[in-house]
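Accompanying notes for the structure given below.
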Amino acid sequence: MMSRNENPLSTYAVVSQLAFSIITPLLVFIVGGHFASEHFGWPDWAMAVCVILGIVFMLSGGISYLRKLIRIYGKDNKNAPRCYNSREDNDYYDDYK
């Protein structure tokens with residue numbers, strides 16, 4: 001979880017990076033597909049392929065960035081509980097006292 005004493009501008013930076021990683025691939029493939037269709041005379045279905053590729057890259061970029069955020073901000077600041085074990089706690093040693 002995010003700490004409460006974190007700067008609000010860092011939250012805006014994280015959100016803007018997420019938006020950039022989602023919007024950029026889609027725009028690049030749409031603009032690139034339109035340019036290739038107009039300039040090189042590609043058929044109309046090539047534009048549809050570029051849009052589908054843009055959506056695929058958009059989803060994969062967004063998911064990978066969200067996984068990174070979960071890995072960074074999902075950590076608790078609490079220490080793990082201590083566990084004290086003794087060799088005598090096992091049933092194996094009960095017969096040999």
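Since this is a predicted model, take the numbers as computed values, not measurements. Each residue takes its place number in the sequence, starting with 1.
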| said: Counting C-beta onward and ignoring hydrogens, is there a side-chain heavy-atom pair between Phe29 and Val56 closer than 4.5 Å? | reply: no
| Are Trp42 and Met47 side-chain neighbours, meaning at least one heavy-atom pair lies under 4.5 Å? | no
Which atom pair, heavy atoms only, marks the closest approach of [X] to [Y]?
X	Y	result
Pro43	Ser37	O-OG, 4.2 Å
Val51	Leu26	O-CD1, 4.3 Å
Tyr65	Leu18	CD2-CD1, 3.5 Å

If I take atom [atom1] from residue [X] and atom [atom2] from residue [Y], how far apart are they, to the nearest 0.5 angstrom?
X	Y	atom1	atom2	answer
Ser64	Leu59	OG	CG	10.5 Å
Met58	Leu27	CE	CG	10.5 Å
Arg67	Ile72	CZ	CD1	14.5 Å

| Above 12 or not: heavy atoms from other molecules or residues under 6.0 Å from CZ of Phe57? | no
[X]-[Y] co-clustered via ILVMFWY side chain contacts under 4.5 Å:
X	Y	answer
Leu53	Ile22	no
Ile63	Ile52	no
Val14	Leu66	yes

| task | Would you please classify the geometry between the Phe35 ring and the Phe40 ring as parallel, tilted or perpendicular, with 30° and 60° separating the classes? | result | perpendicular
| Would you find a donor on one side and an acceptor on the other, under 3.5 Å apart, between the side chain of Thr24 and the backbone of Ser21? | no
